[in-house]
Amino acid sequence: MPKAKQPHIAVVGAGAFGGWTALFLRRQGARVTLLDAWGPGNSRASSGGETRVIRATYGPRAVYTHMAVRALALWKEHQQRWHRQLYHPIGVLWLVEHDEQFEQAAIPILRDAHVAFELLQGTDVARRYPQINTDQVRWAILEKDGGYLLARRACAAVLEGFQAEGGEYRQVAVQGPIQPGQGELTSITLSDGTRLTADRFVFACGPWLGPLFPEVVGERVHPTRQEVFFFGTPPGDARYTEPAMPVWADHGSRFMYGIPGNEWRGFKVADDTRGPPFDPTTGDRSPSAAALQIARDYLGYRFPGLKGAPLLEARVCQYEQSGDEHFIIDRHPQAANTWIVGGGSGHGFKHGPAVGELVARLVLTGAAPDEQFRLSRFAR
Ligand SMILES: Cc1cc2nc3c(=O)[nH]c(=O)nc-3n(C[C@H](O)[C@H](O)[C@H](O)COP(=O)(O)OP(=O)(O)OC[C@H]3O[C@@H](n4cnc5c(N)ncnc54)[C@H](O)[C@@H]3O)c2cc1C
């Protein structure tokens, strides 16, 4: 029997979502061309930077707990396959002071998904982690399989794996806006003046999705300015790095979180509060004094031994925020052969492999995406 001709699929965007999608499409036998304007995990991309948290605690949003479990299995499998560490299993500690709704809602879902976790009393947290100020901490969830992932290096590893399995990569920008005609998209214009023809297209362009699809996506994905700070710990003091400390997440008056070891880049402190609108191409990435002050105040409160610690580095990134913080995984409403994938909303990175696996299946089988990921939800 002659083999059926495999489709040629163009994947635009080599970040956490596009890179893994390209890899899984290729593994299923498709001919895949992956394109990126600046490269996987570049400094403008939402997947740029050194590290990202992987956790399964998602309050009442069970879909992401289950997705995180699948993603974790795939992260583990791929770091073994590629002989490199991308996942640091140092645990994630959720500190509960006053508002416990999010963590309470997560507990039955974590159990249902067989996530390994412990419930700790405030006094247990104080005993295990004396470097944390636990005065107001009533209880905590310790996710044992949580931890952190290497971000930009994982994107580079995915690209290498994709190419090793026969995928083609080109560093080139796709010109927008994308306007499919006659029910499907047949080709896209590239920044080198050529056109690329393919049978199917996946656009995983993170915070750039809005301008690429002004009518279909537009403001439904809006980039917000997010700042991350890296503080210096005392010389030789191992209390503030792995394995002495897990990643922590703190639902106090603001949602603050951080990564202690962070690949020796400093004690990472980040504020999950959504910042002002941000242009991912031209936006100035100088850190702001106001955000630094918030990080310093928080650091001094939660980790008294680090009060006044020197700032080592700072990064300005952006969340590609969807209105409801659910991802977008859907076909273009006017082009059945074109898929739009994004809206990571500050929590997408960890899910990269699970999203890639899912999108590859949808694109190859034509199956319908889940309601909660579809663009039509915004019309309601
Ligand atoms: C500060 C910060 C902290 C975060 N923390 C976490 C965390 O702890 N855990 C977690 O799971 N998630 C976290 N996230 C969210 C997560 O990083 C993102 O949701 C995820 O990386 C988004 O991946 P993406 O592939 O959709 O987008 P991107 O990584 O932005 O990739 C899009 C790619 O498309 C390319 N591109 C865009 N337009 C074009 C074009 N026209 N032509 C060709 N290429 C194009 C870009 O160059 C880019 O490489 C965080 C995000 C930020 C900013």
Side-chain angles (χ1 to χ4, degrees), residues 10-22 33-56 58 64 67-68 71-72 75 92 146-149 151-152 154-156 158-159 169-178 188-191 196 202-213 221 223-229 247 249 257-259 262 268-272 274-275 278 280-281 285 291 314-322 325 327-329 340-356 359:
V11 178
V12 186
F17 285 179
W20 284 102
T21 298
T33 304
L34 175 63
L35 311 165
D36 199 290
W38 294 288
N42 68 79
S43 287
R44 283 183 173 102
S46 295
S47 307
E50 300 297 324
T51 55
R52 291 289 185 270
V53 178
I54 179 158
R55 42 104 180 182
Y58 259 96
Y64 296 107
M67 197 183 269
L72 179 62
W75 281 109
V92 176
Y148 72 92
L149 300 161
R152 63 180 179 80
C155 294
V158 172
L159 174 63
Y169 170 70
R170 292 173 65 186
Q171 187 162 326
V172 70
V174 173
Q175 310 286 32
I178 305 294
I188 47 182
T189 307
L190 307 179
S191 52
L196 179 76
V202 178
F203 290 86
C205 299
W208 291 271
L209 274 176
L212 262 187
F213 297 95
V221 173
T224 60
R225 189 178 211 274
Q226 305 300 142
E227 303 192 33
V228 183
F229 299 97
V247 167
Y257 70 93
I259 300 177
N262 194 44
K268 176 172 176 174
V269 176
D271 183 352
D272 192 55
R274 274 45 178 173
F278 188 71
T281 306
R285 292 176 191 262
R315 278 200 95 243
V316 174
C317 191
Q318 68 281 314
Y319 287 168
E320 62 296 334
Q321 182 72 10
S322 75
E325 296 179 15
F327 300 161
I328 294 171
I329 300 174
I340 296 172
V341 179
S345 307
H347 67 103
F349 191 87
K350 71 183 79 57
H351 298 291
V355 167
V359 174

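Whatever order the structure lists them in is the order used to number ligands and atoms, beginning at 1. Quick caveat, the model's predicted, so the values are computed rather than measured.
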Would A151 count as a contact of ligand 1 if the rule is a heavy atom under 4.0 Å away? no
Nearest protein heavy atom with distance in Å, relative to atom 39 (C) of ligand 1: C205 SG, 4.0 Å
Looking at Q175 and L212, what are the two nearest heavy atoms and their distance? C-CD2, 4.4 Å
At under 4.0 Å between heavy atoms, what of W208 touches ligand 1? The answer is side chain
Per-residue contact class, I54 against ligand 1 - non-hydrogen pairs under 4.0 Å: neither
Can you tell me how far apart OG (S345) and CD1 (I328) are? Round to the nearest 0.5 Å. 7.5 Å
Nearest non-hydrogen protein atom to atom 43 (C) of ligand 1, with distance, is A37 N, 3.3 Å
Charged N to carboxylate O under 4.0 angstrom, E50 versus R152? yes
Do V53 and ligand 1 have an N or O pair less than 3.5 Å apart? yes
Just to confirm my output: which protein heavy-atom neighbour is closest to atom 34 (O) of ligand 1, and how far is it? G13 CA, 3.3 Å
Chi angles and distances behind the side-chain hydrogen bond (donor to acceptor under 3.5 Å, both in side chains) call for Q318, S46: CA-CA 6 Å; Q318 68 281 314; S46 295; 3.2 Å; yes
Test your reading of the structure: does L212 have an N or O sitting under 3.5 Å from an N or O of ligand 1? no
Provide, to 0.1 Å, the distance between atom 31 (O) of ligand 1 and the closest protein heavy atom, together with that atom's residue and name. G15 CA, 3.5 Å
Please verify whether a non-hydrogen atom of Y148 lies at under 4.0 Å from ligand 1. no
Hey, does P223 have a side-chain heavy atom less than 4.5 Å from the side chain of E320? no
Can you find a non-hydrogen atom of A270 under 4.0 Å from ligand 1? no
Would you mind reporting whether R55 and K350 have side-chain heavy atoms less than 4.5 Å apart? yes
Is there a heavy atom of V172 sitting under 4.0 angstrom from any atom of ligand 1? yes
If I compare all heavy atoms of F229 with all of A314, which pair ends up nearest, and what's the gap? CD2-CB, 3.7 Å
Is it the case that ligand 1 has an N or O less than 3.5 angstrom from some N or O of F17? yes
Would you confirm whether N262, through its side chain, and K268, through its main-chain N or O, come within 3.5 Å as a donor-acceptor pair? no
side-chain hydrogen bond (donor to acceptor under 3.5 Å, both in side chains) with N42: which residues, sequence neighbours excluded? none
In the protein, which heavy atom is nearest to atom 18 (C) of ligand 1, and how far is it? E320 OE2, 3.3 Å
Of the protein's non-hydrogen atoms, which lies at the shortest distance from atom 47 (O) of ligand 1, and what is that distance? D36 OD1, 2.7 Å
For ligand 1, find out whether one of its N or O atoms is nearer than 3.5 Å to an N or O atom of H351. no
To the nearest 0.1 Å, how far is atom 40 (C) of ligand 1 from its closest protein heavy atom, and which atom is that? V174 N, 3.7 Å
Option among F278, F203, W38 that satisfies the ring-ring contact (aromatic ring centres under 6.0 Å, His included) test with W208: W38
Which heavy atom of R274 sits nearest a heavy atom of Q226, and at what distance? CA-OE1, 3.5 Å
What are the two closest heavy atoms between L35 and L190, and how far apart are they? CD1-CD2, 4.1 Å
Below 3.5 angstrom, do we get any N/O pair linking V228 and ligand 1? no
Using a heavy-atom cut-off of under 4.0 Å, does the side chain or the backbone of H347 touch ligand 1, or both, or neither? backbone
So which of A45, A204, S191 gets nearest to atom 32 (C) of ligand 1, if we judge by its closest heavy atom? A204
Could you tell me if any non-hydrogen atom of G176 lies under 4.0 Å from any atom of ligand 1? no
Is there a polar contact, in the sense of an N or O pair closer than 3.5 Å, between S46 and ligand 1? yes
Partner residues of Y58 under the ring pair (Phe, Tyr, Trp, His ring centres under 6.0 Å) criterion, sequence neighbours left out: Y64, H347, H351
Give the residue and atom name of whichever protein heavy atom lies nearest to atom 52 (C) of ligand 1, and the separation in Å to one decimal. Y319 CE2, 3.4 Å
